[in-house]
Amino acid sequence: DVKVTQSSRYLVKRTGEKVFLECVQDMDHENMFWYRQDPGLGLRLIYFSYDVKMKEKGDIPEGYSVSREKKERFSLILESASTNQTSMYLCASSTTGYTGELFFGEGSRLTVL
Amino acid sequence: GENVEQHPSTLSVQEGDSAVIKCTYSDSASNYFPWYKQELGKGPQLIIDIRSNVGEKKDQRIAVTLNKTAKHFSLHITETQPEDSAVYFCAASIGGGGFKTIFGAGTRLFVKA
């Protein structure tokens, strides 16, 4: 069974803290994504990566960075968390090719106090 | 930029009735239209998709229609069941790999037993 695993389901952090969200996929997919989900706004793309050490900005990259040192692992980093980054974060992966299907993890709900 | 509008934001139906969710997209280059279902506490999962060279696709109780001229696509669920209760997202993308996937804001479907 294909799987995208996000290491933390729930996190509570304080303003200014550095936050790491980890994602691992076991499908040997080339592409990995970080989305942010907020009510009424759908899913918005933060960053994506199409290869190891490669990254591209999505629609809302401000305040975030990413790291992809291994093919199966994609990390989202909040250098200095702010309250407006309280949200649900979803990691996804896909394979390069005709299909555009995204495989999502179960999400990480981050609260910044 | 590309925009996907989804309606309604909330939909409540009686068990056994049909449910219809509608989306419009702005970029005429979009050629792949997936629908994702997100159950409580889980990540979105692909339930059906359609490509721009097809007008309709059906899979058991769910069907999707696409009108390229009007840039509309819709999800139809017949004989709804309580387990259909979830948030549904439409999306539009260009090409494979999922890179340029734009999501609608989501529809929360309640199926009353």
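Naming convention: chains lettered A, B, ... in sequence-line order (proteins, then strands); numbering from 1 in each chain. A quick note: this is a predicted structure, and the numbers were derived from the prediction, not measured.
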- Query: So with a 6.0 Å cut-off around CD of Glu83(B), is the heavy-atom count from everything else above 12?
  - Reply: yes

- Intermediate values then yes/no, side chain to side chain contact (heavy atoms under 4.5 Å, CB included), Lys100(B) and Phe48(A): CA-CA 10 Å; Lys100(B) 296 182 185 294; Phe48(A) 67 94; over 6 Å; no

- Message: I'd like to know if Leu78(A) and Leu90(A) are part of one continuous hydrophobic network [Ile/Leu/Val/Met/Phe/Trp/Tyr, side-chain heavy atoms within less than 4.5 Å].
- Response: no

- Would Ile77(A) and Val24(A) show up in the same hydrophobic cluster when neighbours are defined by side-chain heavy atoms closer than 4.5 Å? no

- Item | Exceeds 12 heavy-atom contacts within 6.0 angstrom, atom NZ of Lys71(A) | yes

- Between the side chain of Tyr36(B) and the main-chain N/O of Phe104(A), is any donor-acceptor distance below 3.5 Å? no

- Query: Are any side-chain N or O atoms of Arg9(A) and backbone N or O atoms of Gly41(B), one a donor and one an acceptor, separated by less than 3.5 Å?
  - Reply: yes

- Linking I/L/V/M/F/W/Y whenever any side-chain heavy atoms sit under 4.5 Å apart, do Phe89(B) and Leu109(B) land together? no

- Atom group of Asp59(A) that falls short of 4.5 Å from chain B, counting heavy atoms: side chain

- Message: Return the CG to CZ distance between Leu45(A) and Phe103(B), rounded to the nearest 0.5 Å.
- Response: 9.0 Å

- Note on the structure: Ranked by heavy-atom pairs below 4.5 Å to chain A, first place among Gly43(B), Ser9(B), Pro44(B) goes to Pro44(B)

- Under a 4.5 Å heavy-atom cut-off, does chain A meet the side chain of Thr101(B), its backbone, both or neither? both

- Query: At their closest point, which heavy atom of Gly40(A) faces which heavy atom of Ala105(B), and how far apart are they?
  - Reply: O-CB, 3.4 Å

- Linked, directly or transitively: Val87(B) and Trp35(B) (ILVMFWY side chains, under 4.5 Å): no

- Message: Is Gln38(B) in contact with chain A via its backbone, its side chain, both, or neither, using a 4.5 Å heavy-atom distance?
- Response: side chain

- Note on the structure: If one checks every heavy atom of Pro34(B) against chain A at 4.5 Å, the contacting part turns out to be neither

- Message: I'd like to verify something: which residue of Met88(A), Arg109(A), Gln37(A) has the highest number of heavy-atom pairs under 4.5 Å with chain B?
- Response: Gln37(A)

- Query: Is the number of heavy atoms from other residues, nucleotides or ligands under 6.0 Å of Gln45(B) CD greater than 12?
  - Reply: no

- Query: In the single-linkage hydrophobic clustering (I, L, V, M, F, W, Y; side-chain heavy atoms under 4.5 Å), do Ile21(B) and Ile47(B) co-cluster?
  - Reply: yes

